[in-house]
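For reference, the structure discussed in these notes is given below.
Just so we're on the same page: letters track the sequence lines, and every chain starts at 1.
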4 protein chains.
Amino acid sequence: MPRLTPERRETKRAEIVAAARRCFSRDGFHQTSMPDIAAEAGVSAGAAYRYFAGKDEIILAIAGDAFRLVFSPIEQLAAGTSAVSVADLVTASLEVLSAETVTDAAGHEVPVEELLRCAVQTWSELLRNDAARAHALEGFESVRGGIASALRRGQEAGVVAPALEPERGARVVMGLLHGFLLQRVAFGLTDTTGFNDDIRTLLEDPGEPDTTRR
Amino acid sequence: MPRLTPERRETKRAEIVAAARRCFSRDGFHQTSMPDIAAEAGVSAGAAYRYFAGKDEIILAIAGDAFRLVFSPIEQLAAGTSAVSVADLVTASLEVLSAETVTDAAGHEVPVEELLRCAVQTWSELLRNDAARAHALEGFESVRGGIASALRRGQEAGVVAPALEPERGARVVMGLLHGFLLQRVAFGLTDTTGFNDDIRTLLEDPGEPDTTRR
Amino acid sequence: MPRLTPERRETKRAEIVAAARRCFSRDGFHQTSMPDIAAEAGVSAGAAYRYFAGKDEIILAIAGDAFRLVFSPIEQLAAGTSAVSVADLVTASLEVLSAETVTDAAGHEVPVEELLRCAVQTWSELLRNDAARAHALEGFESVRGGIASALRRGQEAGVVAPALEPERGARVVMGLLHGFLLQRVAFGLTDTTGFNDDIRTLLEDPGEPDTTRR
Amino acid sequence: MPRLTPERRETKRAEIVAAARRCFSRDGFHQTSMPDIAAEAGVSAGAAYRYFAGKDEIILAIAGDAFRLVFSPIEQLAAGTSAVSVADLVTASLEVLSAETVTDAAGHEVPVEELLRCAVQTWSELLRNDAARAHALEGFESVRGGIASALRRGQEAGVVAPALEPERGARVVMGLLHGFLLQRVAFGLTDTTGFNDDIRTLLEDPGEPDTTRR
DNA sequence: CATGAATGAGCATTCATTCAT
DNA sequence: TATGAATGAATGCTCATTCAT
């Protein structure tokens with residue numbers, strides 16, 4: 001039997017992750033058994049243990065992905081060098097909620113529906129799993145830093161209010177995404193078109209109405 | 001030991017719920033066993049079954065509370081008749097994140113930390129539990145309706161932008177709360193002071209800077 | 001509270017037994033809980049323990065009745081002094097399978113359907129419960145003795161073959177009843193009319209066929 | 001420890017069945033726990049669930065065997081083509097009560113004592129378990145049909161009374177076996193030798209043959 | 001005496017994990 | 001390497017029995 005090449009190993013690992021994601025999305029982290037995952041991946045019950053130390057490690061892998069990938073569109077935008085407005089950021093941020101798939105670090109397409117359903121479950125894990133929380137916090141800060149940088153670039157370019165504290169602004173954007181994400185997966189409120197305007201209108205000064213809008 | 005008065009029954013039920021909430025907050029829904037709950041409540045393993053049909057029913061009771069109580073400050077504000085601005089709503093909405101306790105329907109004080117940790121876990125349940133989702137959706141719509149009403153009153157009073165679609169504005173407010181809630185319990189980002197301003201600033205037209213702020 | 005008179009005590013005990021018999025007949029000995037019996041009898045869970053030491057004692061009471069009452073018609077016939085033929089005995093024996101009710105020692109009417117269903121379950125208990133087996137064996141021997149006596153009287157009167165060993169003949173009669181009893185309750189084969197003739201025909205010498213029959 | 005060959009699987013399944021039969025025979029269906037069975041079989045608590053969906057399925061397997069095997073000697077006789085008399089049938093039928101073991105469909109020797117004790121318990125199950133009853137009824141009818149066929153062959157050969165209705169005669173034979181079976185396991189009345197004669201004598205016309213009958 | 005709430009041991013079943021093949 | 005049978009601890013739940021009121 002030929003040594004398992006690193007590539008084949010990685011491929012198989014990814015297959016197990018993808019199978020686990022399907023199971024988790026469908027049945028939940030805790031209602032999914034290791035045999036379930038193995039069966040979904042088309043491997044034996046024991047095989048998964050050659051790629052992961054245990055169920056927790058699979059959850060962690062999924063959770064890391066789920067937490068981070070949700071922000072992948074906005075991260076890409078933020079990683080650029082062009083001047084972006086807040087509206088651009090919010091729009092990019094909510095974009096993931098309407099997409100069919102996103103692409104993970106290894107280049108695999110991940111169905112957004114699965115991703116989001118896993119993301120919400122991930123949040124529960126963060127409460128009790130120190131490793132997961134540390135990992136997620138790192139991702140959170142990384143995304144926040146990226147958004148903050150973009151906001152700073154926007155301020156320099158004059159398309160973002162100079163009074164905005166970038167780190168805090170980034171938190172708002174991320175919070176909004178999480179909130180709408182939850183509304184979508186838990187309640188089926190998939191429509192996020194126009195929310196950028198809604199948000200702006202919401203906070204608008206009522207006295208000086210529409211002259212500057214849109 | 002016959003004749004449990006309805007009041008005593010309710011008290012005991014509430015004790016079990018409170019114990020379950022402590023366990024769930026500490027260990028998670030699925031890592032908490034019925035014996036754990038019973039022990040925390042100081043009752044025998046079988047006793048809980050006189051008050052709840054099973055573990056799911058306890059989870060449901062907690063989840064219902066958790067989902068709804070998070071909005072209790074804003075619901076109270078919205079239920080009033082005074083004209084409130086968006087800033088008032090957002091402030092009230094985020095208030096729960098800094099409070100120590102909130103009061104549930106039966107008048108019991110519920111520690112906010114526990115409440116929020118249960119709330120996040122509730123979200124995971126919504127994905128797979130039809131009863132919980134239906135229940136939560138009802139709560140969601142009720143809160144949304146209340147906030148929308150308050151926004152309409154604000155529009156009539158001239159303190160909310162007339163262009164705002166109230167139902168959509170309410171979704172934004174609720175989404176923000178959920179997003180910040182997650183940031184607090186998952187990452188320890190408890191500080192929400194000033195976020196009202198941040199949000200406003202975030203969306204501000206950069207061209208007309210500081211004249212209207214703070 | 002007035003002392004419970006022995007009569008009232010006996011009445012209540014009988015009510016519990018009757019309730020237990022209904023439960024046992026419907027759900028089986030082991031699928032019936034003490035609360036079930038109490039509820040069926042309209043008393044509290046604890047009350048039954050004033051009349052019976054525990055569930056086993058109730059089963060024993062039912063079992064004793066069930067085992068014995070099945071033979072009550074044949075016992076009555078055997079207890080008489082008239083000369084009875086084997087056909088009379090078999091007929092009387094199977095009679096209980098077509099009756100609606102039989103009357104127990106205390107004069108209560110007991111539905112035969114319930115009685116038979118409990119009787120079959122009783123047999124299982126005999127295998128493991130020494131007290132029940134001893135009790136039943138005593139009843140068995142008593143009935144067998146009665147039938148044997150009747151057979152002896154029949155032999156004296158010339159209506160029973162003199163070569164028959166009465167004790168063994170009685171076993172055959174009793175075995176037949178048990179066999180047909182099982183066929184009725186387990187398979188719904190309620191028809192036992194004419195089986196007397198069948199039995200006779202079955203064992204008839206085929207060489208001297210039909211000249212005298214029917 | 002991969003790849004359980006179908007034969008080994010069947011062997012192990014049979015071992016569990018045999019262990020369960022020992023437990024059931026000793027302690028009863030409902031007093032035997034799954035761990036009891038597993039321990040008796042020398043396997044772990046969970047292992048049994050790879051071979052049976054649950055306890056009920058084990059009971060059903062035992063019950064099916066127990067109900068059917070009791071008739072195996074008479075079925076073999078009836079399955080033949082030779083002309084058999086009623087006496088032959090009854091003798092064969094009761095034979096099982098004196099045997100040490102019988103051989104099941106898979107060729108395993110089953111101790112008769114265990115078999116009979118399980119058979120009696122099976123009868124209780126028939127009252128409440130529709131699947132078991134349907135299964136047993138099928139077996140019952142099959143055996144009855146076999147015996148009836150043998151009786152018809154006997155009639156053709158002139159060794160069975162032509163007036164006998166074979167289906168009814170078969171019921172009598174089966175009823176007798178069940179009755180004597182119960183007497184053996186419940187009361188230790190193991191002796192069935194000569195009962196064939198007893199039965200015949202029992203129904204024999206006493207001194208003055210047929211002139212007085214009916 | 002009766003009540004019925006409480007107890008707590010016991011049970012069927014599941015499942016993460018191991019390891020012989 | 002991969003397999004999948006086996007393990008055995010853990011869990012949710014039931015129920016016979018007790019006893020404070």
Original post:
Take atom NE2 in C/H30; do more than 12 heavy atoms of anything else shown fall under 6.0 Å from it?
Top reply: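 Atom NE2 in C/H30 is crowded, with more than 12 foreign heavy atoms closer than 6.0 Å.
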
When you check the phosphate oxygens OP1 and OP2 of [N], does a side-chain N or O of [X] lie under 4.0 Å from one of them?
X: D/Y49; N: F/dA6; value: no
X: D/K12; N: F/dA6; value: yes
X: C/S44; N: E/dG4; value: no

**OP:** Determine, for C/R26 against C/E40, whether the closest basic-nitrogen to carboxylate-oxygen distance falls under 4.0 angstrom.
**Re:**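 Yes, this pair counts.
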
Original post:
Does F/dT21 have a Watson-Crick or wobble mate here (both distances under 3.5 Å), and if so which one?
Top reply: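 With both distances under 3.5 Å, F/dT21 matches E/dA2.
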
**OP:** Determine which nucleotide pairs with E/dG8, using a 3.5 Å limit on both distances of a Watson-Crick or G-U wobble pair.
**Re:**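 Checking every strand shown, E/dG8 finds its partner in F/dC15, with both distances under 3.5 Å.
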
Original post:
A/G46 near the nucleic acid: base, sugar-phosphate alone, or nothing, with a heavy-atom cut-off under 4.0 Å?
Top reply: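 If one applies the 4.0 Å heavy-atom cut-off, A/G46 turns out to touch a base.
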
**OP:** Remember a base hit wins even if backbone is also touched, and classify B/T5 as base, sugar-phosphate or nothing at under 4.0 Å, heavy atoms.
**Re:**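 Nothing: the residue B/T5, judged by heavy atoms under 4.0 Å, touches no strand.
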
Subject >> Residues forming a salt bridge (charged side-chain N to carboxylate O under 4.0 Å, His left out) with C/E113, sequence neighbours excluded >> reply: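 Only C/R184 meet the salt bridge (charged side-chain N to carboxylate O under 4.0 Å, His left out) criterion with C/E113.
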
**OP:** Among the candidates F/dT3, E/dA2, E/dA16, find the nucleotide nearest to the side-chain atoms of A/P35.
**Re:**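 Within the option list, the nearest is E/dA16.
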
Original post:
Quick one: on DNA chain F, does C/T32 or A/A47 contact a more 5' nucleotide (nearest heavy atom)?
Top reply: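 The answer here is A/A47.
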
